[in-house]
Amino acid sequence: MIMEKKRMDCPALPPGWKKEEVIRKSGLSAGKSDVYYYSPSGKKFRSKPQLSRYLGNSVDLGCFDFRTGKMMPGKLQKNRQRLRHDHLTIKGGKPDLNTALPIRQTASIFKQPVTKVVNHPGNKVKTDPQRATEQPRQLFWEKRLTGLRSSDVTEEVLRTMELPKGLQSVGPDSSDECLLSAIASALHMSSAPITGQTSVGAEKHPAVWLNTSQPLCKAFTVTDEHIREQELKVYQARRTLEQALMADGLARVAENTRDLLE
């Protein structure tokens, strides 16, 4: 490849700095040029960031054009306007002054509190009287979880748990799957007792008389007998797990002993 090199002084930089323009005379990129700069000691710089890191604060390169080697104040003003426009675009209108903590809308087994980080804890935040009142809630939002299935590592769909017969759903097109999601969400997001829809009108006109703080099920009562039945099931499950772990440990000891004897 044939190239033509032109080296000249650069008045925009300190004395002794040279600008070199390499023009390509042949090949597919014929006519294009590359610009390099040389320090008084002969060090070569291929880009403006390299030049800026080397000079540091000794020279302000904010309006320096790397290709022409000249200071262009208009370029600095355009860059500032572009940065200001990008900053306003990212903000996107009025800031959200709502200080209420976000609430998870998904069912979860464990309690997962949300921590709100404030950059300036000492600042006082004015309360908005319009936001101080309780905001309306969407009815039957639990139906958005309908159709979701959990699967294991082999992508096999897991069997859903069966609800007691005493739990009956309320609302249009309600199902056991939707009821399970509603109860799990209520247990996760609310600290109040879960009693179901106690109003009789909720069964006839759920869109009017529905209590949004309670799951989509009829009123139910948990008795001491129900609690004892669940305790018995938990005890039996733990005993079965203990026996399985003990049998597995004995099998491993027997296998290790057999390997040592062989």
Side-chain angles (χ1 to χ4, degrees), residues 1-133 135 144 148 153 155 188-189:
M1 179 181 294
I2 303 175
M3 294 183 294
E4 179 185 354
K5 299 183 179 179
K6 297 181 180 179
R7 184 175 294 191
M8 62 195 76
D9 293 334
C10 183
L13 298 178
W17 281 82
K18 301 289 184 179
K19 173 195 172 187
E20 183 182 61
E21 185 176 3
V22 181
I23 305 174
R24 305 170 189 174
K25 294 295 186 178
S26 62
L28 298 176
S29 59
K32 295 184 178 181
S33 62
D34 299 321
V35 178
Y36 307 101
Y37 288 87
Y38 292 88
S39 66
S41 61
K43 187 174 181 179
K44 186 177 182 180
F45 297 89
R46 301 175 181 270
S47 64
K48 185 176 178 179
Q50 292 181 353
L51 196 64
S52 179
R53 285 194 296 268
Y54 182 80
L55 294 174
N57 297 328
S58 59
V59 180
D60 185 10
L61 299 179
C63 58
F64 177 74
D65 185 69
F66 189 82
R67 177 157 290 277
T68 61
K70 300 178 180 179
M71 293 293 184
M72 303 179 65
K75 184 177 181 181
L76 178 61
Q77 185 177 3
K78 289 183 179 179
N79 291 338
R80 289 178 177 176
Q81 292 177 354
R82 180 176 56 82
L83 292 175
R84 189 181 301 109
H85 179 267
D86 294 342
H87 180 67
L88 294 176
T89 304
I90 294 175
K91 280 190 173 183
K94 297 181 179 180
D96 186 9
L97 301 178
N98 186 13
T99 59
L101 292 177
I103 301 177
R104 291 177 58 92
Q105 293 290 333
T106 54
S108 176
I109 300 176
F110 306 102
K111 297 286 185 179
Q112 299 182 7
V114 179
T115 303
K116 186 173 184 179
V117 179
V118 182
N119 294 331
H120 303 283
N123 291 357
K124 296 182 179 180
V125 180
K126 296 182 179 179
T127 58
D128 189 353
Q130 296 182 356
R131 295 182 180 271
T133 59
Q135 298 296 319
R144 289 180 291 177
L148 299 180
V153 293
E155 297 186 357
H188 172 69
M189 295 189 301

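This one's a predicted model, so the numbers in the text were calculated from it and none came from an experiment. Numbers here are sequence positions counted from 1.
- Between Leu13 and Phe64 the shortest side-chain heavy-atom distance falls below 4.5 Å.
- Rounded to the nearest 0.5 angstrom, Ser47 OG and Phe66 CZ are separated by 6.0 Å.
- A cation-pi arrangement is absent between Lys18 and Tyr38 under the rule of less than 6.0 angstrom and at most 45 degrees off the ring axis.
- Closest of all the heavy-atom pairs between Asp60 and Gly62 is OD1-N, 3.1 Å.
- With a 4.5 Å cut-off on side-chain heavy atoms, Val22 and Ser33 do not count as touching.
- Between Cys10 and Gly69, the shortest heavy-atom contact is SG-O, 3.6 Å.
- Of all the heavy atoms in Val59 and Met71, the pair that sits closest is CG1-CE, 4.4 Å.
- Under a cut-off of 6.0 angstrom, the local environment of NZ in Lys70 is sparse, with at most 12 non-hydrogen atoms contributed by other residues, nucleotides or ligands.
- Under the 4.5 Å side-chain criterion, counting only non-hydrogen atoms from C-beta, Asp34 is not in contact with Glu21.
- Note: Tyr54 and Trp17 have perpendicular aromatic rings, judged against thresholds of 30 and 60 degrees for the angle between ring planes.
- To the nearest 0.5 Å, atoms NZ (Lys48) and CD (Gln50) are separated by 13.5 Å.
- For the 3.5 Å distance criterion, the side chains of Tyr37 and Glu20 fail to qualify, holding no donor opposite an acceptor.
- With hydrogens and angles ignored, the 3.5 Å screen pairs a side-chain donor or acceptor of Lys19 with a backbone N or O of Arg67.
- Once rounded to the nearest 0.5 Å, the distance linking OH of Tyr36 with CG of Leu51 reads 14.5 Å.
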